[in-house]
Amino acid sequence: MPTAAGSGFAMVGGGGVGGGLLENANPLIYERSGERPVTAGEEDEQVPDSIDAREIFDLIRSINDPEHPLTLEELNVVEQVRVQVSDPESTVAVAFTPTIPHCSMATLIGLSIKVKLLRSLPQRFKMDVHITPGTHASEHAVNKQLADKERVAAALENTHLLEVVNQCLSARS
Amino acid sequence: MAAAAALEAVAPTGALWGLVQDFVMGQQEGPADQVAADVKSGSYTVLQVVEALGSSLENPEPRTRARGIQLLSQVLLQCHSLLLEKEVVHLILFYENRLKDHHFVIPSVLQGLRALSLCVALPPGLAVSVLKAIFQEVHVQSLPQVDRHTVYSIITNFMRTREEELKGLGADFTFGFIQVMDGEKDPRNLLVAFRIVHDLISRDYSLGPFVEELFEVTSCYFPIDFTPPPNDPHGIQREDLILSLRAVLASTPRFAEFLLPLLIEKVDSEILSAKLDSLQTLNACCAVYGQKELKDFLPSLWASIRREVFQTASERVEADGLAALHSLTACLSRSVLRADAEDLLDSFLSNILQDCRHHLCEPDMKLVWPSAKLLQAAAGASARACDHITSNVLPLLLEQFHKHSQSNQRRTILEMILGFLKLHQKWSYEDKDERPLNGFKDQLCSLVFMALTDPSAQLQLVGIRTLTVLGAQPDLLSSGDLELAVGHLYRLSFLEEDSQSCRVAALEASGALATLYPVAFSSHLVPKLAEELGRGELDLARGDEPAKCSRHLRCLQALSAISTHPSIVKETLPLLLQHLCQMNKGTSEVIAVCQSLQRVAEKCQQDLESCWYFHQTAVPCLLALAVQASMPEKEHSVLRKVLLEDEVLAAMVSVIGTATTHLSPDLAAQSVAHIVPLFLDGNVSFLPENSFPCRFQPFQDGCSGQRRLVALLMAFVCSLPRNVEIPQLNQLMRELVELSCCPSCPSSSTAAAKCFAGLLNKLPAGQQLDEFLQLAVDKVEAGLSPGPYRSQAFTLLLWVTKALVLRYHPLSSCLTDRLMGLLGDPELGPAAADGFSLLMSDCTDVLTRAGHAEVRIMFRQRFFTDNVPALVQGFHAASQDVKPNYLKGLSHVLNRLPKPVLLPELPTLLSLLLEALSCSDCVVQLSTLSCLQPLLLEAPQVMSLHVDTLVTKFLNLSSSPSMAVRIAALQCMHALTRLPTPVLLPYKPQVIRALAKPLDDKKRLVRKEAVSARGEWFLLGSPGS
């Protein structure tokens, strides 16, 4: 099991990232939600728009899956109902659901979501990214890694991991 | 004397000798063109050139011979049209003979033959002789690329002009060509060679026993693997080669036995492009193949396609696989069978069904979509395929729908059913009993009604779409089904705000179904909507205002949505008008009714009769209401006051305009004969309610309320077709000019100016037009001099200018200059700057193409070219306090110009644009940003010189008080990432820090741009991006 040095972020088998067999070759594909319609309030200069669950969901729904040429939304890994946000309290909680309970990509997916939020949300926000309870074999371990700031920072120092994360966050060509 | 004449005769040939010597021995290139020019001008003949070359053509030194022949060939290339038949014969003999010569000489010989192949005077038989000689004497593939290309050109030329002769060669010609191209490597030559093979096949040259050889010599390039070198000057793309090779391979069924195994093999390839190319080629082949060619390969082809669609991660492979399956099925459906042959379509479809149907029934639904797509691709190919597949699949899907209980699973199944139903629309069935869907009608209906009442909006949405498709099947829905369907649509039309998409879909479905079943909608929906509209009126006292308003709004939308059939319009229009007349309403509700009326008017435009019905019903009614409201009365009802508000008038203007543009000229003439006298003479006799307390005289000293109604006159007369004559035009124009500069209320004088301009634009050139123009110019000049109505005069100037700019009238430049002069005016300057926006933009009410105005397509480009230099000059010359006016005027012009036109011009304006970034005016900032953004994308090299300024200014503007500026500035920050990465990297930390701030902007739209800009900056120079 090659482990990204120092970060503690396990990358089992490298499946999908470097080629080889897909773990879940035929996932059920979900429909993409359209662009959020722009409301009159959003166009009004004066009205402040608070950061809501849909806005957070829009940030993460187009993240690419490391294995498939599909987005996390299309795989139903992220759903708007699993986003909790409070703008006044500056907190965000995102739960994501791996496609299969043994998905080795879970940590990487979580890391991508976390990095996307770090890059996209104001600094005041405290963010919590975790696996939807009961949907992954090593749920606890993954959650612990994602919650550990130092490990996340170290992971992003790792060129290989950063490359994969950046690929997940790049706009689809 | 005699000596002089002799000298003269010798002189040209003497000059020719010199030129020949310079070329052959002196190794100069210039003389060739000189000799060719002299031959063309008749100074000497080709024969004389040959004589002059004489010895060099026979020189023992091959390089000298080559040089001599090169000169002759170059002359022939330019002068082949002057050759006589006799000369051609000799030249051909000479050149054919030279093909045996030293290899130094061959390139020039081929050039000469190419020149002769273009010759019209070439006698019959020689083309064949030349080709035979080439096939025999020249080993083409050992020549350099250019010379191989020459050979292909000779062949192409002959094929174009000597087809019959070449065909006389029989299969020898084909064989000869196969040898010529065998081993060709150069993409430029391959394009020509593929073209030749394509012509050989499509023009029916004899291939004889060489079919397989011809296939081999071309198919060895399949699939094309070619990447053009960087900076390739020839511009040949991979796609060019792919398409021209595909044209060859798919051009004949005779290749089928060789090609199909190859395609099957290449679909299995690991390489994506090979898969795609194979599937696309298969698709192309099906256009010419028949059952006979496909027969032996069908099982393998199906297996390959199925595997690709089931397993692929690429949408393109899936799409191409489905397209290929579609074509295969279409090909089998189309083939004419011999009496004893077996119809392969049925067995092929049975195969597909067998491999796909069980996936439709798996409880985990993993492969349902790929299976459904395969089945639909096949079913879409022909009516027979469609029947065969749907009669097998529909019962299954109907059963599955009931087996699954979750809404999203049901939605998936219904979506698949919908796909199959849609396919049925492609085929029309003559005989009612043959329609394959009839047997499933009851089940389908009950399923749709279940979906429509499901709590899931997604399922409802699919249900609505399915209902529309079912309704489009003739005679499928019974009147009972329709009544039920209409009931559902009624309910769905009143859904709350959060089910917006369902409601919109329900309205669309109502519109589509109402055209097909007008009676059902008239009898079941219109009365309900009428009742709903009426109910609100009675409940007014209850004070449940917002709820009632929104129900009324939904009702109005539903009424306009179903007005898709003339008989329904006859019921909905009176309802809407009655609703407008009856009530004391607020502004927003009156506007809502008008919007609804306008949608109805739009739907009536296509049908002449409905259009006239709408016009003659709605327009007099609206005018009567407005005239009534404009009467000076002591006690105005609420409605009356409301009707004269600007917003309401604007809404009525668009109803009247929409109801007028599509009138036929004779009906329009009937209407204009009523409406113009109404405004000029106060003739109210045609209005439905015409007893008014006093006269209607909007142009006289009437009250300001009456004047405001000139906007309605404008809506009507400016929407008329150009050939409709307007009565009392002279008087009308004079009144309009007067009113436009009358210091009453600004909106009525503006309406008068617009109306005047709208009429002016449509008048044919001539004395009358010139008189009106003079009238306007005099009025403008008088008004612009210091006095009380400078601003009105300015408005008139602006609109008249616009009317003329749109039609390229010669006077327009003069008026534009006048307008530009006003940019420096301390009082009118800012208004003049904004005026440029009006000049460049499309109006909605007057001077529109829809309203038959004369609008030249390129008027913006022309305005830009004519006026921007002056604007730039004006900017530099202007004093500091009016400079912003020039920038703003320029901004408006640049803003409205199509980006492709603007881009080449922008680099010259770049310094001005960079300066404009510091201007404090929001309009200027916005326009400058929107000019710079595409420039960053298109010309990153130029822009990277200014990276420091750009980063600083964009970041500054990203905290502008105007939201639109913040958004544009962040979009520019995003576009900056297109600049070369090394230029940007020094700024990366600073930019990422600075962009953290707009992430917390109070406006969501700004945050969105900040997120995408910041995300891109993070990726700069980072691994994996």
Side-chain angles (χ1 to χ4, degrees), chain A residues 16-17 19 22 24-31 33-39 41-52 54-55 58-59 62 65 67-70 76 87 90 115-125 156 158-171, chain B residues 270 310-316 359 364-370 408-409 411-412 415 458 461-462 497 500-501 504 922 960-967 974 992-993 995-1008 1010-1025:
Chain A
V17 177
L22 300 181
N24 181 7
N26 281 305
L28 186 54
I29 300 172
Y30 290 77
E31 195 181 25
S33 43
E35 287 283 298
R36 178 180 195 155
V38 177
T39 63
E42 284 174 3
E43 283 176 339
D44 185 335
E45 299 255 9
Q46 306 310 322
V47 184
D49 317 313
S50 64
I51 297 180
D52 59 11
R54 172 69 201 250
E55 187 168 339
D58 278 337
L59 292 175
S62 54
D65 182 82
E67 276 199 316
H68 301 94
L70 294 167
N76 219 31
D87 194 353
S90 302
V115 171
K116 178 72 186 182
L117 294 179
L118 281 170
R119 291 179 182 178
S120 310
L121 283 179
Q123 275 167 345
R124 62 185 166 89
F125 272 87
L156 295 180
N158 176 303
T159 317
H160 181 56
L161 268 178
L162 184 60
E163 182 179 341
V164 180
V165 168
N166 277 342
Q167 272 162 2
C168 293
L169 299 188
S170 294
Chain B
E270 287 286 306
F310 275 171
Q311 293 187 357
T312 189
S314 151
E315 281 176 32
R316 287 165 64 207
H359 289 302
D364 63 355
M365 299 177 79
K366 286 270 187 261
L367 282 172
V368 287
W369 268 122
N408 61 358
Q409 290 167 327
R411 187 196 85 199
T412 305
E415 268 184 359
Q458 301 282 5
L461 211 54
V462 187
E497 205 55 55
Q500 174 86 354
S501 56
V504 172
C922 276
S960 150
S962 150
M963 163 165 106
V965 172
R966 295 202 297 278
I967 289 175
H974 189 168
I992 284 180
R993 233 177 302 124
L995 287 180
K997 186 169 160 253
L999 290 180
D1000 211 2
D1001 198 282
K1002 70 175 176 180
K1003 297 306 297 174
R1004 183 169 298 130
L1005 297 174
V1006 180
R1007 294 197 293 265
K1008 194 174 150 211
V1011 165
S1012 62
R1014 194 164 188 255
E1016 282 303 311
W1017 274 87
F1018 261 108
L1019 293 178
L1020 280 178
S1022 186
S1025 54

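Residue numbering restarts at 1 for every chain, and letters A, B, ... go by the order of the sequence lines. Side-chain atoms are counted along with the backbone in the values below, which use heavy atoms only and exclude waters and symmetry mates.
Proximity to chain B (any heavy atom under 4.5 Å) is restricted, for A:Leu121, to the backbone atoms N, CA, C and O. Neither the backbone nor the side chain of B:Lys997 comes within less than 4.5 Å of any heavy atom of chain A. Interface remark: B:Ala964 contributes backbone atoms only to the contact with chain A (heavy atom separation under 4.5 Å). Neither the backbone nor the side chain of A:Leu117 has a heavy atom closer than 4.5 Å to any heavy atom of chain B. Within the 4.5 angstrom heavy-atom criterion, only backbone atoms of B:Pro961 (N, CA, C, O) approach chain A.
Considering CD of B:Glu1016 and CZ of A:Arg119, their distance stands at 10.0 Å, rounded to 0.5 Å. Separating the NZ atom in B:Lys1002 from the CG atom in A:Asp87 is a distance of 13.5 Å, to the nearest 0.5 Å. Once rounded to the nearest 0.5 Å, the distance linking CD of A:Glu45 with NZ of B:Lys1003 reads 8.0 Å.
Summarising the geometry of A:Ser120 relative to B:Leu999, their closest heavy-atom pair is O-CD2, 3.3 Å, with the distance given to 0.1 Å.
Scored by the salt bridge (charged side-chain N to carboxylate O under 4.0 Å, His left out) test, B:Asp1001 finds B:Arg966 as partners (sequence neighbours excluded). Shown here are the salt bridge (charged side-chain N to carboxylate O under 4.0 Å, His left out) partners of B:Arg1004, two or more places apart in sequence or in another chain: A:Glu42, A:Asp52, A:Glu55.
Counting heavy-atom pairs closer than 4.5 Å to chain B, the top-ranked of the candidates A:Val165, A:Ile51, A:Leu59 is A:Ile51. In terms of non-hydrogen atom pairs under 4.5 Å with chain A, the most contact-rich of B:Asp1000, B:Leu1005, B:Thr412, B:Val1011 is B:Asp1000.
Other residues, nucleotides and ligands contribute only 12 or fewer heavy atoms inside 6.0 Å of the CZ atom of B:Arg316.
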Go through it in stages, so that I can follow the logic: the residues are A:Asp58 and B:Lys1008, the test is side-chain contact (heavy atoms from CB on, under 4.5 Å), and I'd like the CA-CA distance, side-chain angles, deciding distance and then a yes or no. CA-CA 9 Å; A:Asp58 278 337; B:Lys1008 194 174 150 211; over 6 Å; no

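A distance-only check finds a donor-acceptor pair linking the side chain of A:Asn166 to the backbone of B:Pro1023 [under 3.5 Å].
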